[in-house]
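Below: one structure, written as C-alpha cells.
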Number of protein chains: 4
Amino acid sequence: MATFIEEARRRQIVEAAIAVLAHEGYARASLSRIAARAGISKSVITYHFDGKDEMFEAVFSHVADAAGAYMTPFLERAGDPAGQIAAYIRHQIAYMRDHRDELLAIGTLALNHGGASGTPDYIVRSAEEERTILTALVTDGQAAGQIRGDLDAEFIAGLISKTVEGGLSEWAWRPETDLSAYADQLIDLLERGMRADTKK
Amino acid sequence: MATFIEEARRRQIVEAAIAVLAHEGYARASLSRIAARAGISKSVITYHFDGKDEMFEAVFSHVADAAGAYMTPFLERAGDPAGQIAAYIRHQIAYMRDHRDELLAIGTLALNHGGASGTPDYIVRSAEEERTILTALVTDGQAAGQIRGDLDAEFIAGLISKTVEGGLSEWAWRPETDLSAYADQLIDLLERGMRADTKK
Amino acid sequence: MATFIEEARRRQIVEAAIAVLAHEGYARASLSRIAARAGISKSVITYHFDGKDEMFEAVFSHVADAAGAYMTPFLERAGDPAGQIAAYIRHQIAYMRDHRDELLAIGTLALNHGGASGTPDYIVRSAEEERTILTALVTDGQAAGQIRGDLDAEFIAGLISKTVEGGLSEWAWRPETDLSAYADQLIDLLERGMRADTKK
Amino acid sequence: MATFIEEARRRQIVEAAIAVLAHEGYARASLSRIAARAGISKSVITYHFDGKDEMFEAVFSHVADAAGAYMTPFLERAGDPAGQIAAYIRHQIAYMRDHRDELLAIGTLALNHGGASGTPDYIVRSAEEERTILTALVTDGQAAGQIRGDLDAEFIAGLISKTVEGGLSEWAWRPETDLSAYADQLIDLLERGMRADTKK
DNA sequence: GATGAATGAGATTTCATTCAT
DNA sequence: TATGAATGAAATCTCATTCAT
C-alpha cells in the first residue's frame, strides 16, 4: 500500500494532463503528449489509471474539488445573499489567477470530453451543483428583497456562471486582462442590473 | 471552372461538417464521419478542399460571414447606441434559433481548432471584429450619455459577447430554454447595469 | 464499384489470414503477421474489412461456404442414408487434402474466436447446420432400417463430425497420415458399429 | 526452501490459470487475468514461475499427471484388452465430469500453446504417451483375437482418443449432455465396429 | 470531377517481464 | 517471499493524406 509513491505519481500525471489540456487543448491531449510532458513512459499512465477516461476524471475531480473547497468558506462567511454573490464572483475570479491552467483544463474537458454516451456524469453533476448553489443564492436575494423578484433566478445563475468563466477565457485570450478589475466591474454591473430599486 | 458543381459540392461538405461538429464535437469531426454524413467519399473532401484545415476554414467563414451579413442591417437601422446593443443581442440570439448547428460548429472550432501554431488567423480576426464592433457601440453609448462613462467599454463588449454565446450553450444544454426570454432578460439586465442614471 | 480489385484484395487478405491461422495458430494471428504474410500494410486490412472480427468472419464464411458447396452434390447423389453418410465422410476427408490450411484455419477460429460475448453467431450457426444435416442422415438411416434404432442420432452425428475433423488434426500432426485410408477405416468401423444386424 | 508455502502458492496459481483457460480461452489467459482470478499480484506469478511458459507447463503437467495417475489402476485391473479399452473410455470420461476445467485447460494449451519453435515438448510427449498406451491396448486386443486384425491399431488409438475428447467438448458446448450415456454409446459402437466377428 | 485504394503516423490499451525494495 | 512500479513491445483501430485511374 505504498500510497505515497502512487499518489505522487498520480498527482504528477494529473498535473501534466492539466498542462497539456490548458496549453494544447483537448484534441491534442493524448497520452503520449501527457506522458512526454510528465517525463514518463506512456504506460505509466495506464498503470496508475484505468485508462484515459479515468485519468481525465481524476483531473476533473482534482480541480473541481479543490475549487469547491476553496469557495465554501467564502460563501458561508459572506453575510447577505448579494454579498455572497459578490463573494462568489470575486473569489472565484481570484482563484482563477492562481489556477489558470487547472480551470482551463476542466473547462475544455467539460466542453469536449464525452463519447457516444454523452458527457460524463461527474461533469454534469459538477455543473449542476454550481448552478444549484447560484440559483439558491439568487432566490435568497429575492426573498430578502435585494434582488428584483421578476428576474428568473435560473437565468441569473447561468449568467453569473458564464460571465465568471468569461473572465478566465478573456484572460487566457488576452493576458493583459486585469482580473480584479474584471471582477469589480462584473459585480458592479450585476448588482445594478439585479437590485430591487426603491422606485423604478 | 464549373463553378456551379464545385460550389454545390463545397456547400454540401460544409453542411455535413457543421452537422458533425455541432452534434459530435470537434474531437469526433473526422473526414470519415463528415463524408459519411454527406453521403460521399472521403476523398471528395480532399479534392474540393486543400485539406481538413482549409475545409474548417470554409466552414467558419461560411457561418461567420452569413451571421455577419445578417447582423449588419439591424445594427445600421437601430437608432441610438443602446438600441443598437439591444438589437445586436436580440437579433444575434434570434439568429441562433435558426442556425443552432452552424453557431455551435464555429463555437467548437473557435475553441478547439488550431495546431502548434495557435488559433488560425481567420478565427482570431473574426473574434476581434466582433469585439471591435461591440466596443464601438459601447463607446458611442458612453459618448451619447446613455452608458455610464466609468465602465470599461472593452469589458462590456466582452460581457455582451460572452452572455450572448451563453444563451446558445444554455439552449444546447437545456433545450427547453426560451431564447426570446433569455434575450429580453439579458437586455434588461445589461441596460439597468449600464445606464447612466440621472442621479446615483 | 471497382469490385474486382476489392474482391482480389479481400481474397488475398483472407488467404494470408488462413495461412497464418493454420501455421501459427489463433493466438499469433495478428493483423501485423497477416499483413506481413500478404505483403501489404497493416492498414490495408482495416481498409478492406471493418476490423479483425469482420475479417475473421470473412475467412470463416469463405471456407465454410466453399466446403458446403463442395459437399452438397455428393450428398444428393449418394443413394441411401448409409451411402450418404459414407459419402459425407469420404468427400469431406478428400476435401481436406486439398484445403488443409483452410479447414485448420476455421477449426482454430471455431475453437478460439469469440470474446466476452461468446462464440460468434456465424460459427455457432455453421456448427449447428452440420450437426443438423448429419443428424437427419442418421435418422433417415434408422427409418430405413440401415442403422440401429437404439442409437442416439445426435450422438452419432457428433461422433461423425468429431472423427472426421480428427482425420484433419491427425494429418496436421502427423503428415505421413494416409487420409484415404483414414476415411476407409472410419467408414468401415462406423458402419459395423451402427448397422442394424439381422441378428444380434 | 520453504517448500510448503512455495507449493501452496504454485498450486493456487495453477488453479487460477486452469479456471481462466477453461472459461476464457487461451487467448485471454493473460497473467493479469490469472492473477486477478487468484486474488494475487501479477508479480507473484513471475516470482514463483520462470515466466508464463513455465507456468503453463506446470498447469499442463499438474493436470496430465493427475489424470494419468487416476487412469493407471483402472487400466491394470481391467482384465482383457477389450475390457481395458472400455475401462479407459469409461473412466476417462468419468474423470472429465469432476475435472472439466482442468481438462479443458490442457486441451486449449495443447491446441494453442507453442511459439515459433512449435508445440512444447512436454505437450508432445504427453500426447504420444497416451497414443502409445492406446495403441498397445489395441494391438493386444488384436493378438488376443478380440479385435479384428485388419484394423490399423494407430488409427483406432487415435479414434478413441479423439472421441473421448469429443465427449468433453460436446459437454462443454451442450451442458445437458449425459456423459455416462456418451461413454456407454461410444463403447458399444466401438466394440461392434472393432470386434472380430466369428463369421463375417 | 471524382473516388477507390493504400498507407504511415499516431491513438489507446494489454501484456510479459524486469527491477528495487 | 512478495509486490508495487515501471516499461517497451505489440496489439487493434482511426485518421489525414497521397496517388492512380
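As a basis for the values below, the full set of heavy atoms in this structure was taken, side chains included, without hydrogen atoms, waters or symmetry mates. Bear in mind the structure is a predicted one, so any value in this text is a computation, not a measurement. Note on naming: letters A, B, ... go to the chains in the order of the sequence lines (proteins, then strands), and numbering restarts at 1 for each one.
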Is [X] close enough to [N] that one of its side-chain N or O atoms is under 4.0 Å from OP1 or OP2 there?
X: C/Tyr47; N: E/dA5; answer: yes
X: B/Ser30; N: F/dC15; answer: yes
X: C/Ser32; N: F/dA11; answer: yes
X: B/Arg28; N: F/dC15; answer: no
X: D/His48; N: F/dA2; answer: yes
X: D/Arg9; N: F/dT1; answer: no
X: B/Ser41; N: E/dG4; answer: yes

> Can you tell me how far P of F/dA16 sits from CG of B/Asp53, to the nearest Å?
Replying inline: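 These atoms are roughly 10 Å apart.
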>> The test is salt bridge (Lys or Arg N to Asp or Glu O under 4.0 Å); show your working for A/Glu57 and A/Arg125 and say whether it passes.
In response: CA-CA 12 Å; A/Glu57 176 166 359; A/Arg125 249 182 293 116; over 6 Å; no
> Would D/Val124 and C/Trp173 count as a side-chain contact (heavy atoms from CB on, under 4.5 Å) if you check the C-alpha gap in whole Å, the side-chain angles of each, and the deciding distance to 0.1 Å?
Replying inline: CA-CA 10 Å; D/Val124 175; C/Trp173 194 261; 4.2 Å; yes
> NA contact type, D/Arg33, heavy-atom cut-off 4.0 Å: base, sugar-phosphate, or nothing?
Replying inline: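 The answer is sugar-phosphate, as D/Arg33 gets under 4.0 Å only of primed atoms, P, OP1 or OP2.
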> Looking at E/dT12, F/dA16, E/dA2, which one has an atom nearest to any side-chain atom of A/Lys42?
Replying inline: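 Comparing E/dT12, F/dA16, E/dA2 against the side chain of A/Lys42, the answer is E/dT12.
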>> So which atom in C/Arg37 and which in C/Glu24 form the shortest heavy-atom distance, rounded to 0.1 Å?
In response: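 Heavy-atom minimum between the residues: NH2-OE2, 3.8 Å.
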>> So that I can tick it off, tell me whether B/Glu15 and B/Arg9 are bridged by a salt bridge, with the cut-off set at under 4.0 angstrom between side-chain N and carboxylate O.
In response: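 No, B/Arg9 and B/Glu15 are not salt-bridged.
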